[in-house]
Amino acid sequence: MSDTKVLRLVKKTDGDLPETAFTAKTVARAEPRPSPITVIKPPRKPKGPKPRKQKEREQPRLSRAQMLRIFRTMYLSRRLDDKEIQMKGQNRIYFQISGAGHEAILVAAAMCLKPGYDWFYPYYRDRALCLELGMTPLEMLLEAVGAESDPNSHGRQMPSHWGHKDLNIVSQSSPTGTQLLQAVGCAEATYRLKLVKELRKRVRSFHNDEVVYVSLGDGTTSEGEFWEALNTACNLRLPVVFLVEDNGYAISVPVEVQTAGGDISKLVSGFPNLYRQRCDGTDPIESFAVMQRAVDNCRKNRGPSFVHAKVIRPYSHSLSDDEKLYRAETERVADAERDPIKRFGALLVQEQVASQDELQQIKDEIDREVNEAADTALASTQPAPETALDFIYSPTVDPSSPEFDTEDRLELSGNPGTMVDLINRCLHTEMKRDPRIVVFGEDVADCSREKALPDVKGKGGVFKVTANLQREFGSARVYNSPLAEANIVGRAIGLATRGLKPVVEVQFFDYIWPAFHQIRNELALMRWRSGNDFSSPCVIRVPVGGYLKGGAIYHSQSGVSLFTQIPGLRVIYPATALDANGLLRTAIRCDDPVIFLEHKHLYRQAYNKSPYPGDNFMIPFGKARTVREGTDLSIITYGALVQRSSVAAKEAEKQGVSVEIIDLRSLSPYDWEAIAQSVKKTSRVIVAHEDSLSWGYGAEIAARISNELFEYLDAPVRRVAALDSFVAYAPQLEDAILPQSADVLKAIVELRSY
């Protein structure tokens, strides 16, 4: 009977396995009869010298134990896929996505790398890699059933979202490609540690020849972050192994539709410092040889490596997909013929490395192991409902605690400085205090070409906030990034995961959106989705807001509510130089990711200047400031509206209205107690902010006041905000769009007379 006929006779299991796929159960069939050859040997070496390229392509000499281990891990990986498919069909798990067809290249990759020494950013097909690194079948099935003891995510992520603290497998998420920039950031930590000796004492698990592995499917090469990651890795010559597992499809979209010319290797051929290799990813011996060279290139600090492995996908993309809808039967059968487990098992028997009985014994052992692991996983404890809020933020460092409150011990000295001055001074003192801090972003350095530093004044940011940091702390700790916001934040996540403290700048709030994916799905979620096994505490400084006279649409945005609604993210918005200094110091010293918003209009205003408060001055998050005491009406505000509200309150006082102003300063968390106390005192409240009226930050505050303080109100909650429009260039139009002091005064008068 032909192999094709055998494949067509494979029946569905309870979990609805693909009809023509080469499953683990099919692998259990008898292998072909052995030939008289006794061992697998590398090709015979020809006499005389040979060119380096030919030498590089020699096949590795693998021991019998290694070859059996390869077969065992590949079969175990496939058997786990099949078991999960069966369990999904029985409604005992809730999702399944397989690594079938990718096993050979992944086992080979893991054999060339060091768990707990190197760093790993796998993607969801990488089951075989994780098994070879040391993850157990039980640990994988614990994730499939959503168990609390699952080391990948403790019941918080889908199956095949790998993460293992002990093995240095960094928590992986669902968005394709977001791991790439993080892997580059992780490798950049190695690079920075080599440059800054002080860092090595503060960062654990550093090895001079460590390698960062990151994998992706062929479809992910269409993502912009893939190209950003390659660009930075090549530019800094970072020790990153990029493994593209090319199975020809991104769900239903074939590679020729995804990729110009249908070959990603050709497209990346122009990158400098990139060691490029191709291989048949279904052949474990060829894959091992290629991965060995790729890893060796990185260990010797020659730059990144790029491996393009052609693999197959004998199962559908996931159990939510049916590949029969878009793949021809002949194509699916051809894939099954190239199945790595089938081919390697037949080769082992043919070359007399193992007998049919020995392979069958391995398969039987694995079947028992997988079944036992499944039974144990199904009986495991699920996470308790009350743990849902655990690890959204750091469980050990609370930036809203009294530990971060030194306002009562304030000692001012020196001449008053602007917000720019006091932020800059905070950065200087904190970088001197903590060598883990690195500062980077667009134009933040004084001068990237260090030879020119003595001859130039220095850039130091478009607003001069980072001026002279590079001069004092060097280019290894203060440096410019590409003009790519996702690149900045993604790298910061990788650096922070390794224990550094990135304080990065996104030059304008208006351009933060390319990084929103990294912020929302990666930065804010790293701690929670890994059950506190990994975290990425960093600070993202962002100039924000309008009132610039010429800022127009793309230099005046204020969409803070899109960030305050993200759990795991702290959002801070100071209105004065003193508050900016104290809050930034808290942001740097806390253990959570922080979006630190700096209003551009407030950077150099005389009315918010302050003398220097000292090197340990801190303001806790979630503590509002009473700007002005009052009895008739409360204004809850922040940012540029603090000053505009103060001007309006002084005018209202002339009309006999006593207005209290509360500056929130911290938007997430915010000081509900201060709001409640003020509203209870005055019984009338205005919520004022610069962002658009509809769906803005003030709507949440107003709703909570109405819900929880209704009995104390003598009038409806009033909001003052920008028009539901964009900020225009023409000054007269900008003034009409953004809320002015006159708008606040009008609301005060109307609400007081209600």
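Numbers here simply count residues along the sequence, with the first being 1. The model shown is predicted, which means the values in this text are computed figures rather than measured ones.
Looking at every heavy atom in both residues, Arg570 comes nearest to Pro399 through NH2-CD, 3.6 Å. The shortest non-hydrogen separation linking Asp218 to Asn247 is OD1-N, 3.2 Å. Between Cys279 and Ile105, the shortest heavy-atom distance links the atoms SG-CD1, 3.9 Å. Ser174 approaches Met158 most closely through the heavy-atom pair OG-SD, 4.1 Å. Ile493 approaches Leu523 most closely through the heavy-atom pair CD1-N, 3.6 Å. When every heavy atom of Leu500 is checked against every heavy atom of Ala189, the shortest pair comes out as CD1-CB, 4.1 Å.
Every salt bridge (Lys or Arg N to Asp or Glu O under 4.0 Å) that Arg127 has, sequence neighbours left out, goes to Asp81, Glu84. For Arg92, there are no salt bridge (Lys or Arg N to Asp or Glu O under 4.0 Å) partners, not counting sequence neighbours.
Between the side chain of Asp592 and the backbone N or O of Pro537, no donor-acceptor pair lies under 3.5 Å. The backbone N or O of Lys114 sits less than 3.5 Å from a side-chain atom of Asp118, completing a donor-acceptor pair. In this structure, Ser160 contributes its side chain and Ile97 its backbone to a donor-acceptor pair below 3.5 Å. Between the Asn371 side chain and the Asp367 main chain, a donor and an acceptor come within less than 3.5 Å of each other. The backbone N or O of Glu139 sits nowhere less than 3.5 Å from a side-chain atom of Glu143 that would complete a donor-acceptor pair.
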With side chain to side chain donor-acceptor pair (under 3.5 Å) as the criterion, how do Ser318 and Gln96 come out once you've worked through the C-alpha distance, each side chain's angles and the decisive distance to 0.1 Å? CA-CA 6 Å; Ser318 72; Gln96 206 282 330; over 6 Å; no
Does Gln179 form a side chain to side chain donor-acceptor pair (under 3.5 Å) with Glu522? I'd like the steps, not just the answer. CA-CA 9 Å; Gln179 75 275 19; Glu522 302 297 329; over 6 Å; no
Should Gln172 and Gln157 be marked as a side chain to side chain donor-acceptor pair (under 3.5 Å) after you check the CA-CA gap, both sets of side-chain angles, and the distance that decides it? CA-CA 9 Å; Gln172 174 221 329; Gln157 291 217 81; over 6 Å; no
As a quick check of understanding, evaluate side-chain contact (heavy atoms from CB on, under 4.5 Å) for Tyr393 and Arg527, giving each step before the final call. CA-CA 7 Å; Tyr393 300 101; Arg527 188 189 299 276; 5.8 Å; no
Decide yes or no on salt bridge (Lys or Arg N to Asp or Glu O under 4.0 Å) for Arg72 and Glu369, but give the supporting numbers first. CA-CA 12 Å; Arg72 189 185 195 285; Glu369 181 182 2; 3.0 Å; yes
Using side chain to side chain donor-acceptor pair (under 3.5 Å), reason through Ser305 and Asn297 one step at a time and then give a plain yes or no. CA-CA 7 Å; Ser305 297; Asn297 176 73; 3.0 Å; yes
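Using a 4.0 Å cut-off between a side-chain N of Lys or Arg and a carboxylate O of Asp or Glu, Glu430 and Lys501 do not qualify as a salt bridge. With salt bridges taken as basic N to acidic carboxylate O contacts below 4.0 Å, none links Arg156 and Asp150.
In summary, of the residues considered (Ile572, Leu427, Val594), a side chain to side chain contact (heavy atoms under 4.5 Å, CB included) with Leu584 occurs for Leu427 alone. Among the candidates Arg293, Gln292, Arg299, the single residue satisfying the side chain to side chain contact (heavy atoms under 4.5 Å, CB included) test with Val295 is Arg299.
With 3.5 Å as the limit, one finds a donor-acceptor pair spanning the side chains of Ser215 and Asp126. A donor atom on one side chain and an acceptor atom on the other are not found under 3.5 Å apart for Ser77 and Glu103. Side-chain contact, Arg529 with Ser153: no donor N or O sits under 3.5 Å from an acceptor N or O. Side-chain contact annotation: Tyr315 with Asp321, donor-acceptor N/O pair under 3.5 Å absent.
By the 30° and 60° cut-offs, the orientation of the rings of Tyr75 relative to Phe71 is parallel.
Counting only residues at least two apart or in different chains, ring-ring contact (aromatic ring centres under 6.0 Å, His included) contacts with residues 143-172 are absent. Within the structure, ring-ring contact (aromatic ring centres under 6.0 Å, His included) pairs that include any residue of residues 169-213 comprise Tyr117-His207 (at least two apart or interchain). Residue pairs meeting the side chain to side chain donor-acceptor pair (under 3.5 Å) criterion with at least one member in residues 230-245, sequence neighbours excluded: His102-Glu245, Thr232-Asn487.
Figure legend: cation-pi geometry between Arg276 and Phe271 absent, as NZ or CZ is not positioned both under 6.0 Å from the six-membered ring centre and within 45° of its axis.
No side-chain heavy atom of Asn532 sits less than 4.5 Å from a side-chain heavy atom of Ser394.
Residues Tyr479 and Phe440 place their aromatic rings such that the two centres sit under 6.0 Å apart.
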Hey, can you pull the donor-acceptor pairs under 3.5 Å for the side chains in residues 377-390, sequence neighbours left out?
unit_1	atom_1	unit_2	atom_2	d
Ser380	OG	Ala377	O	2.5
Gln382	NE2	Val145	O	3.0
Thr387	OG1	Ala384	O	2.6

